[in-house]
Amino acid sequence: MIMAPSPLAANFGRLAAETIRVDKARADWLHLDIMDGHFVSNISFGPEVVRVLRPLTRLVFDVHLMCSRPEILLIPFAEAGANRIIIHVELVDRVTPLIWKIKSLGLKVGLAVNPPTAISNAQPYLDQIDQLLIMTVNPGFGGQPFISEMLPKVQQANTWRKERGLDYRIEVDGGINFNTAVECARAGADTFVSGSALFGKRQLKRAVKRMRELVKPFAVERKVADKDKVPVAGGVG
Ligand code: DX5
Ligand code: ZN
């Protein structure tokens, strides 16, 4: 089970210190929300911020592109130190070339599905992706309430994974706190993005540990788990 705090909820004036705080909290990934003010009605940060955070930690950088033109951003984020890049299925006919471009850069690829989008739209890509991200809020802002109507999508993604013998991760993002993380884990999720619920806690290490303990009982044996946790070379340590 992967813990992936999102510093979108962190103090932006102290992003470097907050990144080190996540590292010390023994999280697994750092989920970096990239918003372009077009695909979503908010703007966050770009490749330069990711580049300066890279040497501070060995955490896996999970870069979530909520962008209308990800094509122009893949190489800058790869060079900045991204390990995984997530694009949205709502990009429709550009999804396949984007998946192969991300893979050609040697990175893991994720596909995100927004709340109004049917999970069946992701089906054609399931054997090409490393993670399926089910948005449990409408993208664009942290601190929104969890949309429980998304749980059947998590169950469906888990059923397809079993039926087809695939090994993509099932990631949930938006409104993930101790309670909703358990609901998602019960439905089949194994990768948990959390911003305000974790960064809102003064004891981040204790909060990450607690969320991990709460979802652990739902973990299923999967042959590929370990490779998703390998700390990144070239970072601190
Ligand atoms: C929203 C982002 C999320 C967000 C989660 O568009 O994709 O990663 O930061 O924040 P919380 O956990 O506060 O909902
Ligand atoms: Zn995100």
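These numbers were taken from a predicted model, which means no experiment stands behind them. Both ligands and their constituent atoms are indexed starting at 1 by order of listing.
Within 6.0 Å of CZ in Arg164 there are more than 12 heavy atoms belonging to other residues, nucleotides or ligands.
Asp190 has a carboxylate O that lies under 4.0 Å from a charged side-chain N of Arg161, or vice versa, which qualifies the two as a salt bridge. Between Glu48 and Arg51 there is a salt bridge, since a side-chain N of the basic residue sits under 4.0 Å from a carboxylate O of the acidic one.
Under the 4.5 Å side-chain criterion, counting only non-hydrogen atoms from C-beta, Arg54 is not in contact with Leu30. When side chains are defined from C-beta on, Ile87 counts as touching Leu111, because their heavy atoms get closer than 4.5 Å.
For a distance threshold of 2.8 Å, the protein N, O or S atoms nearer than that to the Zn ion (ligand 2), listed by chain and number, are His31 NE2, Asp33 OD1, His64 ND1, Asp173 OD2.
Between His88 and His64, the ring planes are parallel. Angles under 30° get that label, and only those over 60° would be called perpendicular.
The shortest non-hydrogen separation linking Val137 to Pro145 is CG1-O, 3.4 Å. For the residue pair Met1 and Phe218, the shortest heavy atom distance occurs at CE-C, 3.9 Å. Here the closest non-hydrogen pair linking Asn42 and Gly140 is ND2-O, 2.8 Å.
Ligand 1 lies under 4.0 Å from heavy atoms of Ser6, Leu8, His31, Asp33, Met35, His64, Met66, Met135, Pro139, Gly140, Phe141, Gly142, Gly143, Asp173, Gly174, Gly175, Val193, Ser194, Gly195, Ser196.
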